[in-house]
Amino acid sequence: MVDHVLLHRVGAPQLLRLDTLVKLRWLAVAGQLLAILVVHFGFGFRMPIVTALAIIAVSALLNVALQLRYPRTYRMEDGPAAALLAYDVVQLAALLYLTGGLENPFSILFLAPVMISATALPPARTMMLGALATVAITILALWHQPLPWLTNESIRLPRLYVGGVWLSLLLGLIFIGIYAWRVAEEARQLGHALTATELVLAREQHLSQLDGLAAAAAHELGTPLATIALVVRELDKAIGADSPHKEDIVLLAEQTNRCRQILAKIATLGTEREGPMNAIGIRQLLEEVSAPQRPFGVRIVMEAEGAQPEPVLLRSAGLIYGLENLIDNAVDFATTTVSISAAWTDESVSITIADDGPGFAVEVLKRLGEPYVTTRRLDPPSSSPSGGLGLGLFIAKTLLERGGAQFEAGNRSDALRGATVRMTWKRSVFEHRGTPNAASPADGSTMGHPVAFP
């Protein structure tokens, strides 16, 4: 499963290539020209050949104009494509009017434009084209010039036979249209499903690669971090308690210790084990994930309420890391306050993180949660000199969704500005299967989609 934005992108309509219609029309022009020349000059049948050749020439000139105006790779919207197919219906009707109407065996070619439309255009366009073809064959059944025949003879087929041809064409338009649409729709659905599966696999591959990189980074950074910690301790011993740099040394020691804790969590992602000491209440969870962000000058407000008893879950490094990452982002962009609220019922548990910063940019919100998408590059360089790779939210979202969460992100539309993210779990999943390795619920409820919050 993928989120709503990806599915929307996968299910987008496939535009019809102009080059396809042009080549089919060239084939029709060649066939029409050959048929007229053989009938008139080969069989010696009487027919208005000049007018018929003029109608064919119009199609050829239209093809030349389209090839000169548009590149071969140009793809048309369904409206212009339906208009070109409608022209083909009218052009064929004009030729058949001159050559016997429905008495002409080539009247079966009315099925071709409708079948092309059914396989490539929306059903509404195909129905309009089918209605146009029905009007054309009805007119040709009633009014047309005689069928080309020998010079001293004429042929007039019975009305009953012409009516049978009209009915067969009408039923053919309906049956071929529905059949072609159904087959094409099944192929499109299968293609969309395969594409969605590829997107999911690519997303999981990104995360798997990041897992390996994280383990490698934790291993490689361990030695230099230990050296930094040693140097910090030596500096702390070397300077006096009244030194103006004392607070800087203490802060450096605290942040070094925090780095070591983060690396330890990364190294243990996915390796949690159940045990009596791993149980944690939701209030304790919120306090644990927000504590590292309190020294940075942004007020963090926490709320938790719901039906008793309070949800208790197994401690999960993936869940903790995901929430910490989201809170870290909120603190980075907040102006003064970050609010963290938890609510639960007997069926569900939700956690909401909101800030009073500028919120998500519109162009970023559409792709939020994909790898290498970041809002930091949109800020002035002075506000975030280090920029970012755009992986933090992707990792957090993926870890939380693998733990059964529905992930929603958007901007607040009330009087308070800022961004907000909300995670919602089924309570049974949150309490018993809230680890990154837990299987997703069978009903497919583990994936969310970006929305704007009221």
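- Smallest separation of non-hydrogen atoms from P358 and F333: CD-O, 3.5 Å.
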Let's go through E287 and R283 carefully: what are the C-alpha distance in whole Å and the side-chain angles of both, what is the deciding distance for salt bridge (charged side-chain N to carboxylate O under 4.0 Å, His left out) to 0.1 Å, and is it a yes or a no? CA-CA 6 Å; E287 183 60 38; R283 288 186 174 89; over 6 Å; no
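- Q293 has its side chain out of reach of V298: every pair of non-hydrogen atoms, C-beta onward, lies at least 4.5 Å apart.
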Derivation and outcome, side-chain contact (heavy atoms from CB on, under 4.5 Å), residues L323 and L285: CA-CA 9 Å; L323 293 176; L285 171 67; 4.0 Å; yes
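- For the atom pair CD1 of I327 and CG of D355, the computed distance is 11.5 Å after rounding to the nearest 0.5 Å.
- Around the CG atom of L160, the shell of radius 6.0 Å holds no more than 12 heavy atoms that belong to other residues, nucleotides or ligands.
- Considering only heavy atoms from C-beta on, F110 comes within 4.5 Å of I137 through its side chain.
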Would F45 and V38 count as a side-chain contact (heavy atoms from CB on, under 4.5 Å) here? Give the steps. CA-CA 9 Å; F45 291 174; V38 169; over 6 Å; no
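- In terms of modelled atom types and a separation under 3.5 Å, the side chain of R159 and the main chain of A141 share a donor-acceptor contact.
- Heavy-atom minimum distance, L319 versus L313: CD2-CD1, 3.1 Å.
- Counting only distance, with no hydrogens or angles, the side chain of S348 and the backbone of T345 share no donor-acceptor pair below 3.5 Å.
- Between atom CD1 of residue I108 and atom CG of residue L92 there is a gap of 11.5 Å, rounded to the nearest 0.5 Å.
- Side-chain contact between V89 and L85 is absent, with no heavy atoms from C-beta onward closer than 4.5 Å.
- N325 places no side-chain N or O within 3.5 Å of a backbone atom of A396 that could act as its donor or acceptor partner.
- Checked by atom type and distance alone, the side chain of D78 never pairs as donor or acceptor with a backbone atom of L121 at under 3.5 Å.
- Summarising the geometry, atom CD1 belonging to I174 is positioned 11.5 Å from atom CG belonging to L111; distances are rounded to the nearest 0.5 Å.
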For the pair V58 and Q91, evaluate side-chain contact (heavy atoms from CB on, under 4.5 Å) and give the outcome as yes or no after the intermediate values. CA-CA 9 Å; V58 172; Q91 190 258 4; over 6 Å; no
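- Contact annotation: the side chain of Y87 approaches that of S59 to within less than 4.5 Å [non-hydrogen atoms, C-beta and beyond].
- Among all heavy-atom pairs drawn from L129 and A82, the shortest one is CD1-O, 4.0 Å.
- Looking at heavy atoms from C-beta onward, L84 lies in side-chain contact with M76 at the 4.5 angstrom threshold.
- Heavy-atom minimum distance, T335 versus G357: OG1-CA, 3.9 Å.
- The number of heavy-atom neighbours closer than 6.0 Å to CD of E303, taken from other residues, nucleotides and ligands shown, is 12 or below.
- Once rounded to the nearest 0.5 Å, the distance linking CD1 of I56 with CG of L33 reads 5.5 Å.
- Rounding to the nearest 0.5 Å gives a distance of 4.0 Å between CG of D356 and OG1 of T336.
- Ring planes of Y74 and Y70: parallel class, angle under 30° (limits at 30 and 60°).
- More than 12 heavy-atom neighbours from other residues, nucleotides or ligands sit within 6.0 angstrom of CD on E186.
- Residues I282 and W344 share a closest heavy-atom pair of CG2-CZ3, 3.7 Å.
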List the steps, then state whether side-chain contact (heavy atoms from CB on, under 4.5 Å) holds for L96 with L102. CA-CA 7 Å; L96 290 176; L102 297 189; 5.6 Å; no
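- Within 6.0 Å of CD in E77 there are 12 or fewer heavy atoms belonging to other residues, nucleotides or ligands.
- Looking at heavy atoms from C-beta onward, S107 lies in side-chain contact with L169 at the 4.5 angstrom threshold.
- The structure places CE of M423 at 9.5 Å from CZ of F430, a figure rounded to the nearest 0.5 Å.
- By the 4.5 Å heavy-atom criterion applied to side chains, L400 and W425 are counted as neighbours.
- Tested against Q32 for a side chain to side chain contact (heavy atoms under 4.5 Å, CB included), the candidates L95, I55, L53 yield a single pass: L95.
- Across all non-hydrogen atoms, the minimal contact from S290 to I340 is CB-CD1, 3.9 Å.
- The backbone N or O of V114 sits nowhere less than 3.5 Å from a side-chain atom of S117 that would complete a donor-acceptor pair.
- Exactly one residue among R427, K426, E431 makes a side chain to side chain contact (heavy atoms under 4.5 Å, CB included) with V429. That residue is K426.
- Considering only heavy atoms from C-beta on, L326 stays 4.5 Å or farther from V289 through its side chain.
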